[in-house]
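Note that the structure is predicted; figures quoted are calculated from it, not measured.
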Amino acid sequence: MRIAICDDEKTYIEKLKNDINSLQTHENAFEFSEFESGESFIEQFSKDKYDLVILDIEMKDLNGLQTAEFLRQIDKNVILIFMTSFDKFVYQGYEVKAFRYILKNQPKSIYLKQLSDTVQEYYRNKKYIKVIDDGIEKELLTVDILYIEVYSHQIVIHTLNKHYYQKGKLGDYEKMLEGCLFVRSDKSVLINITNIDYIKKNQVFLKNGKSLYVSRNHLENITKAFLKFSRSRWG
């Protein structure tokens, strides 16, 4: 996992590297690049160069929010988190699609949990399932799936741009996607929690604008899962 840290306090960069390294397991490895100003970071930044960018908001001259605005013009997908000692900037983080806003001076257990959630988000974004598309097997990233439904005795996998018609049972896909934040909205539909925009009454509204009905038996479960996911990003 390629991580860029931009903070004008060298000592904090070292602390952050140590804390992230404490999360290392046999499944992941971390590669760090360090920058002490937004300007030095921007000079060498390019699309797909990093998997995670950690920015201190309160840097001199070019601050973290300004640096993030530049970053998003080039790379819209890299995971971005802000580090700061104050919480007054949190709503501005939405404008640059920050994954998380972390306070430096909060209890260490919460702080480490937030870093761990960020690492897990990266690996979750890399997971895929195999589908047959026009007779050819291909890998479909799970984060690109909006929902999966049973329709006319087939499994239909809905993404933003395409529908994939597959053989099998919904229960098999549910097991296959365990840990990828998919939850049933009724007995024939499995929704990707990460692609929900909001929930209103008995309807789920997805990020592409489509709405899906949620049965009474599944409404509480899917609402809890969505709130938990939302808090894991901003809590």
Enquirer: At their closest point, which heavy atom of Lys60 faces which heavy atom of Asp8, and how far apart are they?
Expert: N-OD2, 3.5 Å

Enquirer: Between Phe41 and Phe35, how do the two ring planes meet: parallel, tilted or perpendicular, split at 30° and 60°?
Expert: perpendicular

Enquirer: Starting from the C-alpha separation in whole Å, work towards a yes-or-no answer on side chain to side chain contact (heavy atoms under 4.5 Å, CB included) for Leu206 and Ile191.
Expert: CA-CA 9 Å; Leu206 302 177; Ile191 296 179; 4.0 Å; yes

Enquirer: Taking only residues two or more places apart in sequence or in another chain, which ones pass side-chain contact (heavy atoms from CB on, under 4.5 Å) with Lys49?
Expert: Gln44, Ser46

Enquirer: Less than 4.5 Å apart, any side-chain heavy atom of Ile145 and any of Asn195?
Expert: no

Enquirer: Can you establish whether the number of heavy atoms outside Phe205 located under 6.0 Å from its atom CZ is more than 12?
Expert: yes

Enquirer: To the nearest 0.5 Å, tell me how far Glu31 CD sits from Leu52 CG.
Expert: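 It is 12.5 Å, given to the nearest 0.5 Å.
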
Enquirer: Working to the nearest 0.5 angstrom, can you tell me the gap between Tyr198 OH and Ser211 OG?
Expert: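 Nearest 0.5 Å value for the OH-OG distance: 8.0 Å.
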
Enquirer: If Ile, Leu, Val, Met, Phe, Trp and Tyr residues are connected whenever their side-chain heavy atoms lie under 4.5 Å apart, and connections chain through other members, are Phe45 and Leu65 in the same group?
Expert: yes

Enquirer: Answer yes or no: is there a side-chain heavy-atom contact under 4.5 Å between Lys104 and Glu9?
Expert: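 With C-beta onward as the side chain, the pair touches.
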
Enquirer: Using the rule that two of Ile, Leu, Val, Met, Phe, Trp, Tyr join whenever any of their side-chain heavy atoms come within less than 4.5 Å, decide whether Tyr122 and Met83 are in one cluster.
Expert: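 Linked, Tyr122 and Met83 end up in one cluster.
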
Enquirer: Show the nearest heavy-atom pair for residues Asn77 and Arg72, with the distance to one decimal.
Expert: N-NH1, 3.9 Å

Enquirer: Show the nearest heavy-atom pair for residues Ile13 and Glu36, with the distance to one decimal.
Expert: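 Closest heavy-atom pair between Ile13 and Glu36: CD1-CG, 4.2 Å.
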
Enquirer: Can you check whether Leu62's main-chain N or O pairs, donor with acceptor, with Glu39's side chain at less than 3.5 Å?
Expert: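 Here the side-chain-to-backbone pair exists.
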
Enquirer: Run the ring pair (Phe, Tyr, Trp, His ring centres under 6.0 Å) test against Tyr173 and tell me which residues pass, sequence neighbours left out.
Expert: none

Enquirer: Less than 4.0 Å between a side-chain N and a carboxylate O, is that true for Asp51 and Arg2?
Expert: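 Result for this pair is yes, salt bridge flagged.
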
Enquirer: For the residue pair Asp186 and Ser188, confirm or rule out a side-chain donor-acceptor distance under 3.5 Å.
Expert: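 Yes, Ser188 and Asp186 have a side-chain donor paired with an acceptor closer than 3.5 Å.
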
Enquirer: Run Leu141 and Asn125 through side chain to side chain contact (heavy atoms under 4.5 Å, CB included) and show every step you take.
Expert: CA-CA 7 Å; Leu141 289 173; Asn125 288 349; over 6 Å; no

Enquirer: Locate the shortest heavy-atom distance separating Gly38 from Cys6; write the atom from each residue and the value.
Expert: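 Gly38 and Cys6 have their closest heavy atoms at N-SG, 3.9 Å.
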
Enquirer: Report the distance from atom CD of Glu174 to atom CD1 of Ile148, rounding to the nearest 0.5 Å.
Expert: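 One gets 9.5 Å once the value is rounded to the nearest 0.5 Å.
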
Enquirer: Could you grab the distance from atom CG of Leu146 to atom CG of Asn208, nearest 0.5 Å is fine?
Expert: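 Nearest 0.5 Å value for the CG-CG distance: 5.0 Å.
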
Enquirer: Please give me the minimum heavy-atom distance between Gln106 and Leu103, naming the atom from each residue.
Expert: NE2-O, 3.0 Å

Enquirer: Consider only side-chain heavy atoms of I, L, V, M, F, W and Y, link residues closer than 4.5 Å, and tell whether Leu115 and Ile5 are in one cluster.
Expert: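 As far as the 4.5 Å side-chain criterion goes, Ile5 and Leu115 are connected within one cluster.
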
Enquirer: Assess whether atom NZ of Lys15 is packed by more than 12 heavy atoms of other residues, nucleotides or ligands within 6.0 Å.
Expert: yes

Enquirer: With side chains defined as the heavy atoms from C-beta onward, is the minimum distance between Asp19 and Lys108 less than 4.5 Å?
Expert: yes

Enquirer: Give a yes or no answer on whether the side chain of Ser230 reaches the backbone of Phe226 with a donor-acceptor pair at less than 3.5 Å.
Expert: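 Side chain of Ser230 to backbone of Phe226: a pair is present.
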
Enquirer: Please assess Lys127 against Val143 for the test side chain to side chain contact (heavy atoms under 4.5 Å, CB included), listing each intermediate value before the final yes or no.
Expert: CA-CA 8 Å; Lys127 291 184 178 180; Val143 293; over 6 Å; no

Enquirer: Evaluate the side-chain proximity of Ile132 to Lys167: yes if any heavy-atom separation is below 4.5 Å, no if none is.
Expert: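 A side-chain contact is absent here, since even the closest heavy-atom pair is not under 4.5 Å.
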
Enquirer: Can you confirm whether Ile155 sits close enough to Asp172 that some side-chain heavy atom of one is under 4.5 Å from a side-chain heavy atom of the other?
Expert: no

Enquirer: Testing the basics here: between Leu23 and Ser116, what is the closest heavy-atom pair and its distance to 0.1 Å?
Expert: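 Nearest pair, atom of Leu23 first, then Ser116: CD1-N, 3.7 Å.
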
Enquirer: Contact between Tyr123 and Met1 at the side-chain level, heavy atoms closer than 4.5 Å - yes or no?
Expert: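 Yes - at least one pair of side-chain heavy atoms lies under 4.5 Å apart.
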
Enquirer: With a 4.5 Å heavy-atom cut-off, do Ile102 and Ile54 have their side chains touching?
Expert: no

Enquirer: Does a salt bridge link Glu14 with Lys17, judged by any charged N lying under 4.0 Å from a carboxylate O?
Expert: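 Looking at Lys17 together with Glu14, the answer is yes, because their closest N to O distance falls below 4.0 Å.
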
Enquirer: Using residues 215-224 as the side-chain source, report each donor-acceptor pair under 3.5 Å to any protein atom, sequence neighbours left out, with the distance given to one decimal.
Expert:
unit_1, atom_1, unit_2, atom_2, d
Ser215, OG, Ser185, O, 3.4
Ser215, OG, His218, ND1, 2.9
Glu220, OE2, Lys224, NZ, 3.1
Thr223, OG1, Leu219, O, 2.8

Enquirer: When rounded to the nearest 0.5 angstrom, what distance separates CD in Gln120 from CG in Asp117?
Expert: 5.5 Å

Enquirer: Is a side-chain N or O of Asn202 found less than 3.5 angstrom from the main chain of Val214, in a donor-acceptor match?
Expert: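 Not at all, since once roles are kept as given, no pair shorter than 3.5 Å links the two residues.
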
Enquirer: Determine, using the 4.5 Å side-chain heavy-atom cutoff (strictly less than), whether Leu80 and Phe70 are members of one ILVMFWY cluster.
Expert: yes

Enquirer: Once rounded to the nearest 0.5 Å, what's the spacing between atom CD1 of Ile193 and atom CG of Leu181?
Expert: 7.0 Å

Enquirer: Same cluster or not: are Tyr128 and Ile157 linked, directly or through other Ile, Leu, Val, Met, Phe, Trp or Tyr residues, by side-chain heavy atoms under 4.5 angstrom apart?
Expert: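 No, no single cluster joins them.
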
Enquirer: With a 4.5 Å limit on heavy-atom distance, are the side chains of Asn21 and Phe32 in contact?
Expert: yes

Enquirer: Set out, in order, the CA-CA distance, both residues' side-chain angles and the distance that settles side chain to side chain contact (heavy atoms under 4.5 Å, CB included) for Lys162 and Asp133, then state yes or no.
Expert: CA-CA 10 Å; Lys162 192 168 184 176; Asp133 183 27; 2.8 Å; yes

Enquirer: In terms of relative ring orientation, are His158 and Tyr147 parallel, tilted or perpendicular, with 30° and 60° separating the classes?
Expert: parallel

